[in-house]
Amino acid sequence: MRREVERNGGIIKYRAATADQTAWDRAMRPKVCKLAQQAKLVKTVAKKLQGQWSPQQIAGWLKRRYPDDERYHVSHESIYKTLYIQTRGVLKQELLSCLRTQRAMRHSRQSSKKTGPGKIVDAVPISERPSSVEDRAIPGHWEGDLIVGTNNSYIATLVERHSRFVMLAKVTEKKTQVVIDALIKQSKKLPPELYKSLTWDRGSELADHKRFTVATDIQIFFCDPRSPWQRGSNENTNRLLRQYFPKGTDLSEHSQADLNRVARQLNERPRKTLDYETPA
């Protein structure tokens, strides 16, 4: 009986060792990168990267553009790996500068931004925002914020919740009169049915929010203190904008025409949340 158990135990150990070695052999086997097999695919990916598309946008667009041709289906992780692992020799290292973060290696996304409570007189809280705004089914409801540069320079950023359409406005300073004037001017560029409400944080730049509402008939809702996720679309867009307007740079150097060009480029990119349609 003991010999039989030992013999069976030995067979089990032998099979386990064989399976383990097979797994290691497969892991060690060089894997051919899909991009290395498709010259046209490489050319398309490189062109989209140069157009400031992210690997995820490229992968989603390819599946939408070539739904029945798996030769052109590549995951965004494969694109990242091909960029960061230069031994693959497929995508040039210079294309790393086209990525939004422009990092030498990938990192997990973390946010340390904190929003102060602020005191806005007669602020309408986000809890009173209609439910029709929450589900994003109806266009015309926007989120806004300021991005900050050196020398007290700012850009007002506006994102439409339904389509993720972006508008940017040049502001010379953070004083409420200046910001409200810029927002009123920007609102005139859209028909009333496409601009019904605006959600903002509790920054002092919107202390004169009543004047904006009187001039535009657009209701402003204010987020809860320290709750940037209540303007999630705007927060995400502001991260994208840092590719064009890096932290630590003077934003006053950019003209309104420059801002319009950046907004147009963002609006012509496919978005995962839109099933890879574009905001435009």
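Residues take their numbers from the sequence shown, with the count starting at 1.
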Under a 4.5 Å cut-off applied to non-hydrogen side-chain atoms, are [X] and [Y] in contact?
X      : Y      : value
Leu49  : Ile58  : yes
Val42  : Thr44  : no
Ser204 : Thr176 : no
Val148 : Ser153 : no
Val262 : Leu241 : yes

Apply side-chain contact (heavy atoms from CB on, under 4.5 Å) to the pair Asn236 and Arg271, showing each step before the final yes or no.
CA-CA 12 Å; Asn236 180 57; Arg271 301 292 296 273; 3.3 Å; yes
Treat each ILVMFWY residue as a node, draw an edge where side-chain heavy atoms are under 4.5 Å apart, and state whether [X] and [Y] are in one component.
X      : Y      : value
Trp200 : Leu194 : no
Ile184 : Ile120 : yes
Leu206 : Val124 : no
Ile218 : Phe221 : no

Might you work through the side-chain contact (heavy atoms from CB on, under 4.5 Å) test for Val45 and Ile79, ending with a clear yes or no?
CA-CA 8 Å; Val45 170; Ile79 298 175; 4.0 Å; yes
Which residues end up grouped with Val133 if you chain together Ile, Leu, Val, Met, Phe, Trp and Tyr wherever their side-chain heavy atoms are less than 4.5 Å apart?
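Noted: Val133 shares its cluster with no other residue.
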Could you walk me through whether Tyr154 and Val178 satisfy the side-chain contact (heavy atoms from CB on, under 4.5 Å) test, starting with their C-alpha distance in whole Å, then the side-chain angles of each, then the deciding distance to 0.1 Å, before giving a yes or no?
CA-CA 11 Å; Tyr154 305 90; Val178 174; over 6 Å; no
According to ring-ring contact (aromatic ring centres under 6.0 Å, His included), who are the partners of [X], at least two apart in sequence or on a separate chain?
X      : result
Tyr244 : none
His141 : none
Phe245 : His254

What orientation do Trp142 and Tyr195 show, parallel under 30°, tilted 30 to 60°, or perpendicular over 60°?
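Taking Tyr195 first and then Trp142, their aromatic rings sit tilted (interplane angle of 30° to 60°).
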Return the set of residues passing side-chain contact (heavy atoms from CB on, under 4.5 Å) with [X] (not counting sequence neighbours), or none when no residue passes.
X      : answer
Glu193 : Pro191
Arg264 : Arg261, Glu268
Ala156 : Leu146, Ala169, Val171, Leu183
Ser255 : Ala257, Asp258

Under 3.5 Å, is there a donor on one side chain and an acceptor on the other for [X] and [Y]?
X      : Y      : value
Asn152 : Glu173 : no
Gln52  : Gln265 : no
Thr278 : Asn267 : no

Without placing hydrogens or testing angles, list every side-chain donor-acceptor pair under 3.5 Å for residues 60-67, not counting sequence neighbours.
from: Arg64; atom 1: NH1; to: Asp275; atom 2: O; distance (Å): 2.6
from: Arg64; atom 1: NH1; to: Asp275; atom 2: OD2; distance (Å): 3.2
from: Arg64; atom 1: NH2; to: Glu277; atom 2: OE2; distance (Å): 2.6

Quick check: are there more than 12 heavy atoms from other residues, nucleotides or ligands sitting under 6.0 Å from [atom1] of [X]?
X      : atom1 : value
Lys189 : NZ    : yes
Asp217 : CG    : no
Gln177 : CD    : no

Minimum-distance pair of heavy atoms, taken over all atoms of [X] and [Y]:
X      : Y      : value
Arg269 : Pro279 : O-CD, 3.3 Å
Ser187 : Thr216 : OG-CG2, 3.3 Å
Ala123 : Phe222 : CB-CD1, 3.5 Å

Donor-acceptor contact below 3.5 Å, side chain [X] vs main chain [Y]:
X      : Y      : result
Ser227 : Trp229 : no
Thr213 : Gln219 : no
Gln57  : Pro270 : yes
His209 : Val121 : yes
Glu205 : Lys175 : no
Ser75  : Ser78  : yes
Arg202 : Asp224 : no

Residue pairs passing the salt bridge (Lys or Arg N to Asp or Glu O under 4.0 Å) test where at least one lies in residues 48-60, sequence neighbours excluded:
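Applying salt bridge (Lys or Arg N to Asp or Glu O under 4.0 Å) to every pair that reaches into residues 48-60, excluding sequence neighbours, yields nothing.
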Taking only residues at least two apart or on different chains, which pairs with a member in residues 149-168 satisfy salt bridge (Lys or Arg N to Asp or Glu O under 4.0 Å)?
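Listed by first then second residue: Glu143-Arg161.
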Under the rule for salt bridge (charged side-chain N to carboxylate O under 4.0 Å, His left out), what residues qualify as partners of Asp69, not counting sequence neighbours?
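Counting only residues at least two positions away or on another chain, Asp69 forms a salt bridge (charged side-chain N to carboxylate O under 4.0 Å, His left out) with Arg71.
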Give the C-alpha distance, both sets of side-chain angles, the deciding distance and a yes or no for side chain to side chain donor-acceptor pair (under 3.5 Å) between Asn151 and Ser252.
CA-CA 8 Å; Asn151 301 323; Ser252 65; over 6 Å; no
Once rounded to the nearest 0.5 Å, what's the spacing between atom [atom1] of [X] and atom [atom2] of [Y]?
X      : Y      : atom1 : atom2 : result
Leu168 : Gln186 : CG    : CD    : 7.5 Å
Leu198 : Arg231 : CG    : CZ    : 10.0 Å
Ile138 : Ser197 : CD1   : OG    : 10.5 Å
Leu158 : Thr237 : CG    : OG1   : 10.0 Å

Report the C-alpha distance between Thr199 and Arg129 in whole Å, list the side-chain angles of each, state the deciding distance to 0.1 Å, and finish with yes or no for side chain to side chain donor-acceptor pair (under 3.5 Å).
CA-CA 9 Å; Thr199 300; Arg129 194 171 65 175; 2.7 Å; yes
Matching residue for Asn238 among Asp145, Ile155, Val159 - test: side chain to side chain contact (heavy atoms under 4.5 Å, CB included):
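Only match with Asn238 under side chain to side chain contact (heavy atoms under 4.5 Å, CB included): Asp145.
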Given Lys47 and Trp53, is the side-chain contact (heavy atoms from CB on, under 4.5 Å) satisfied, shown in steps?
CA-CA 9 Å; Lys47 183 178 179 180; Trp53 287 30; over 6 Å; no
